[in-house]
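The structure appears right after this line, and notes come after that.
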Amino acid sequence: MKLQHWYDKLSPHWKRFVLSPYEHLFWSLIILFFSFAFIDEDNILGRISLTFFFLMTVLFVIETFRLRQKFLNLFRAIAVLSFIFSVFAIIFDSQDNKILYLLGQVIDLIFIAIAVLVIIKKIFSDTKVTGDTLRGGISVYLMLGIVWFQIYQIILTIIPKAFEGDLSVYQVFYFSFVTLTTVGYGDILPVHRATMIMANLEAIAGQLYPAVIIARLVSLYTVENSNKD
């Protein structure tokens, strides 16, 4: 009887979680953040683990596209193929394999950028503020930092001296979010014009996005309350 009681109590929450791709995406982004904090990038296993967590995030990103099953399966296959390219480049670390690593980065960037556009479109098409709207808005802000992280990674793959000194993946991830939030500690400096321009654009996006989204959410909330009254 107790098991049935807990099943009846938790079942609606579990079904809501399963049917909510934005909730999956939100928690996968949080896990990705913590993985950067605890996984050692200095060994091959650590780098592959980070790549795996990134794959999980991309797969949850694909779930937000709301396409036909055959297209979803195609995109999932492409994401897994991108992961295989990256793992191959990590294991056989040589200049020749940088092309595979670059290809994997570009594929991940495209998926995440599409998800950002899809979720923003949904937020602006919603007629009321829901938990899904809030999770989607937060996820987009986090994904903006990841989009620029991928852009910096692509630039570094092509131009290794685009930043001052040699940067690890952790440091590039850190620089992206420091720039997005316009904190700007100045401990990492872009020295190539490509990274300078991208850093400028990220700082602008980091300022504009919260202002626009907060204004949108406030207007939705105000309209919803007015209709209730």
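- One distance of note links CG of L103 with CD1 of I154; it measures 10.0 Å at 0.5 Å rounding.
- For an aromatic pair to be called close, the ring centres must be under 6.0 Å apart, and F33 with F177 satisfies this.
- Distance check, rounded to the nearest 0.5 Å: NE2 of H192 to CD1 of I158 gives 10.0 Å.
- T51 places a side-chain N or O within donor-acceptor distance of the main-chain N or O of R47, the cut-off being under 3.5 Å.
- Distance check: L189 CG to M196 CE gives 8.5 Å after rounding to the nearest 0.5 Å.
- Checked against side chain to side chain contact (heavy atoms under 4.5 Å, CB included), I110 has the following partners two or more places apart in sequence or in another chain: V106, I114.
- Side-chain atoms of Y152 and Q171 include no donor-acceptor pair closer than 3.5 Å.
- In this structure, OG in S86 is found 11.5 Å from CG in L50, a value given to the nearest 0.5 Å.
- Ring pair F36/Y174: centre-to-centre distance not below 6.0 Å.
- Rounded to the nearest 0.5 Å, atoms CG (L55) and OG (S82) are 8.0 Å apart.
- Applying the salt bridge (Lys or Arg N to Asp or Glu O under 4.0 Å) test to K121 and every residue at least two apart in sequence or in another chain returns nothing.
- For the atom pair L102 CG and L109 CG, the distance stands at 10.5 Å (nearest 0.5 Å).
- Taking the six-membered ring where tryptophan is involved, the planes of Y209 and Y141 are essentially parallel, since the angle between them stays under 30° and well short of 60°.
- Remark: the backbone N or O of E202 is not paired with any side-chain donor or acceptor of T179 at under 3.5 angstrom.
- Between R76 and the options V80, L72, I78, a side-chain contact (heavy atoms from CB on, under 4.5 Å) holds for only L72.
- In this view, T182 and Q207 satisfy the side chain to side chain donor-acceptor pair (under 3.5 Å) rule, not counting sequence neighbours.
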